[in-house]
Engineer: 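Pasting in a structure now, in structure tokens, and then I'll have a few things to ask.
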Protein chains: 2
Amino acid sequence: MEEFNNYFKSAFTVDNVIFGFDNGDLKVLLIKRGEEPYTGKWALPGYFVYPNEDLDTAANRILEELTSIKNVYLEQVKTFGAVNRHPFGRVITVAFFSLIKISHYNLQPASIAKKAQWHSVSKIGDLAFDHNEILAACLNRLKWLVRTRPVGFELLPPKFTLTELQHLYESILETELDKRNFRKKILSMNLLIDLEESQEGVAHRPARLYKFDKEKYKQFLAEGFNFEVKESKKKETQKTLSRKKQLQANP
Amino acid sequence: MEEFNNYFKSAFTVDNVIFGFDNGDLKVLLIKRGEEPYTGKWALPGYFVYPNEDLDTAANRILEELTSIKNVYLEQVKTFGAVNRHPFGRVITVAFFSLIKISHYNLQPASIAKKAQWHSVSKIGDLAFDHNEILAACLNRLKWLVRTRPVGFELLPPKFTLTELQHLYESILETELDKRNFRKKILSMNLLIDLEESQEGVAHRPARLYKFDKEKYKQFLAEGFNFEVKESKKKETQKTLSRKKQLQANP
DNA sequence: CTCCCTCGTGTACTTTTTACACTAATTAAA
DNA sequence: TTTAATTAGTGTAAAAAGTACACGAGGGAG
């Protein structure tokens with residue numbers, strides 16, 4: 001016990017990569033640092049974990065302080081603890097990401113709003129600390145997630161069109177998807193409810209609005225996951241070729 | 001800076017789930033605790049992270065102290081930091097898992113060997129701390145990994161038969177695989193080299209030996225991953241049914 | 001020589017994925 | 001009110017991948 005207390009202890013933080021979707025673009029909420037080190041640089045929102053706080057509690061706290069939003073999708077991704085990642089001492093940080101609906105994002109107190117800003121993921125420059133690396137890890141996880149689980153809904157307003165959903169996927173996966181195949185796939189999951197309403201205020205044929213079916217989603221989670229969105233293949237994969245070879249060899 | 005030093009600091013450890021495969025069974029290396037708390041209970045090997053040590057360095061150190069093995073597959077999985085997970089104070093632990101070839105596993109110094117022991121993953125009892133939870137998380141990740149990347153080789157001796165490889169997959173995935181389909185799939189990846197040798201000392205027709213092709217594997221990693229082993233379907237999935245419904249509705 | 005055991009192999013069927021193009025609905029402008 | 005502009009919405013056929021399934025071959029043990 002006494003021995004225990006003598007061990008080296010390190011500062012312990014949580015960084016939260018807050019994703020949103022707006023204007024056809026995937027965004028991250030960044031904060032302009034007002035203090036040393038890296039003053040003036042953009043950084044991921046993060047803070048020390050309190051002694052009586054679990055990790056995800058800390059991540060939620062950081063999110064709420066910034067956006068006044070609670071209860072959103074939040075996932076632990078990876079822990080970063082390189083010896084020299086913080087110039088003032090040893091700091092270990094657990095990276096989380098969360099998915100929020102930007103439309104629901106309440107303006108924070110002015111003091112915070114001055115510092116916090118949405119940035120298109122595709123146009124991020126040099127961030128403070130190792131935050132580019134953290135962001136990259138979270139982006140990767142998000143890509144995997146979106147191919148695997150129908151979480152797109154977390155980033156869209158409650159009512160959305162299939163085209164919006166497709167743009168969201170395309171933006172996250174950085175690829176183009178075939179409209180018909182995408183719709184076939186998404187609708188075949190039966191996780192969308194057709195609201196039988198249409199878009200308003202657009203200068204072209206209005207699209208149908210859908211909402212996400214939370215009940216069916218629970219069922220889906222319980223039964224195992226059979227969902228994947230794939231991009232087009234442009235060339236024969238190595239796998240295909242080698243399989244053909246194999247078949248020729250053993251006719 | 002001064003402020004920085006006043007923040008709450010926590011003890012910081014790494015736990016390493018060391019997987020091996022032997023006798024048709026997936027194993028984990030556990031240690032019998034000789035001190036408080038949880039004296040006498042089995043626990044995952046783990047230790048404090050030193051001030052000048054990166055996380056994966058610490059995980060490798062723990063592995064090496066126990067097994068004298070270096071340079072094996074090692075992956076960070078998740079960080080566990082619940083407020084009360086350690087009765088003596090706040091301890092945050094980063095869980096890693098590693099894959100080793102049990103055949104290469106040198107006997108440690110007797111002092112360690114007395115405490116360390118391989119346990120079949122399927123027969124693990126109550127572990128110390130939250131280690132059952134940590135093990136479960138690592139097992140899940142391993143399942144995903146094995147369906148997605150050809151890492152099975154990390155757990156087998158340098159020369160192995162396809163049946164051994166299949167048993168490894170079956171043991172990790174906790175499912176049965178069809179022999180012909182499994183071989184077709186594995187061979188079509190072109191990651192195995194047929195050694196044109198046979199097993200010896202078995203009381204039946206000896207199987208061919210293969211080894212893993214590291215060069216092709218690098219290529220495979222560079223080109224993106226197209227590998228998955230699936231278990232048999234026993235019933236129509238919900239997806240199939242709903243798709244049929246949809247097709248009937250729009251003929 | 002026979003028994004016993006595991007090895008190794010092919011095919012037909014089902015499901016999933018992919019590629020691809022035109023008509024419909026609405027607003028804005030002429 | 002006609003026309004242009006713009007996005008919405010829809011089906012099908014071909015290719016690839018996945019699945020189910022059974023028997024002769026090769027070796028050791030007795």
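Convention: sequence-line order gives letters A, B, ...; per-chain numbering from 1.
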Engineer: Show every salt bridge (charged side-chain N to carboxylate O under 4.0 Å, His left out) that has at least one partner inside residues 186-198 of chain A, sequence neighbours left out.
Structural biologist: A:K159-A:E197, A:D194-A:R208
Engineer: A:K185 side chain: which of D:dA8, D:dG11, C:dT17 is closest?
Structural biologist: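 Closest nucleotide among those given: C:dT17.
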Engineer: Provide, to the nearest angstrom, the distance between the CD atom belonging to A:E176 and the P atom belonging to C:dC20.
Structural biologist: 14 Å
Engineer: In a table with atom names and distances, give each donor-acceptor pair under 3.5 Å that connects a side chain of residues 198-206 of chain A to protein atoms at least two apart or in another chain.
Structural biologist:
from, atom 1, to, atom 2, distance (Å)
A:Q199, OE1, A:A207, N, 3.0

Engineer: Polar atom pairs between nucleotides 23-25 of chain D and protein, under 3.5 Å, N or O only, would you list them?
Structural biologist:
from, atom 1, to, atom 2, distance (Å)
D:dA25, N3, B:R205, NH1, 2.8

Engineer: A:F21: which residues meet the ring pair (Phe, Tyr, Trp, His ring centres under 6.0 Å) condition with it, sequence neighbours left out?
Structural biologist: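 Once residues adjacent in sequence are excluded, A:F21 has no partner under the ring pair (Phe, Tyr, Trp, His ring centres under 6.0 Å) criterion.
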Engineer: In whole Å, I'd like the distance from the CG atom of B:L177 to the C1' atom of D:dG18.
Structural biologist: 13 Å
Engineer: Applying ring pair (Phe, Tyr, Trp, His ring centres under 6.0 Å), name anything that partners A:F97, two or more places apart in sequence or on another chain.
Structural biologist: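 With sequence neighbours excluded, A:F97 shows a ring pair (Phe, Tyr, Trp, His ring centres under 6.0 Å) to A:F19, given in chain and number order.
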Engineer: Give me the residues of residues 155-165 of chain B where at least one heavy atom lies under 4.0 Å from an atom of DNA chain C, by number, or none.
Structural biologist: B:T163
Engineer: Sequence neighbours left out, what passes side chain to side chain contact (heavy atoms under 4.5 Å, CB included) with B:D213? Give chain and number order.
Structural biologist: B:I193, B:E215, B:K216
Engineer: Which residues pass the ring pair (Phe, Tyr, Trp, His ring centres under 6.0 Å) test with A:H119, sequence neighbours left out?
Structural biologist: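 Listed in chain order: A:W42.
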Engineer: Check the distance between D:dT6's C1' and A:Q199's CD and give it to me in whole angstrom.
Structural biologist: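 Taking atom C1' of D:dT6 as the reference, CD of A:Q199 is at 12 Å.
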Engineer: Regarding C:dC20, can its base be found pairing with the side chain of A:R180 as donor and acceptor, where the two atoms are less than 3.5 Å apart?
Structural biologist: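 Side chain to base: pair present.
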Engineer: Provide, to the nearest angstrom, the distance between the CG atom belonging to A:N181 and the C1' atom belonging to D:dA15.
Structural biologist: 13 Å
Engineer: On DNA chain C, check which nucleotide each of A:A203 and B:H204 is closest to and give me the residue with the more 5' one.
Structural biologist: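 Nearer the 5' end of the strand: B:H204.
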Engineer: Would you kindly give the NE2-to-C1' distance between B:H167 and C:dC7, to the nearest whole Å?
Structural biologist: 11 Å
Engineer: What about A:K184, does its side chain sit under 3.5 Å from the base of C:dT17 through a donor-acceptor pair?
Structural biologist: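 Counting by modelled atom types and ignoring angles, no donor-acceptor contact under 3.5 Å is found here.
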Engineer: For C:dG8, take OP1 and OP2 only and decide whether either is under 4.0 Å from a side-chain N or O of B:R183.
Structural biologist: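 So the side chain of B:R183 is within the cut-off, an N or O lying under 4.0 Å from OP1 or OP2 of C:dG8.
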Engineer: Would you tabulate the side-chain donor-acceptor contacts of residues 69-76 of chain B under 3.5 Å, counting partners in other chains and residues two or more places apart, or write 'none'?
Structural biologist:
from, atom 1, to, atom 2, distance (Å)
B:Y73, OH, B:E75, OE1, 2.5
B:E75, OE2, B:R141, NE, 2.9
B:Q76, OE1, A:T79, N, 2.7
B:Q76, NE2, A:T79, O, 3.0

Engineer: Where is the tightest heavy-atom contact between B:L155 and B:G20, given as atom of each residue plus distance?
Structural biologist: CD2-CA, 3.7 Å
Engineer: What is the distance, to the nearest angstrom, from the CD atom on A:E196 to the C1' atom on D:dG9?
Structural biologist: 15 Å
Engineer: Counting only heavy atoms not in A:K211, do more than 12 fall under 6.0 Å of its NZ?
Structural biologist: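 Not more than 12 within 6.0 Å, no.
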Engineer: Can you tell me the distance, in whole Å, between the CG atom of A:D178 and the C1' atom of D:dG11?
Structural biologist: 12 Å
Engineer: Which whole-number value in Å describes the distance from A:F182 CZ to D:dG9 C1'?
Structural biologist: 14 Å
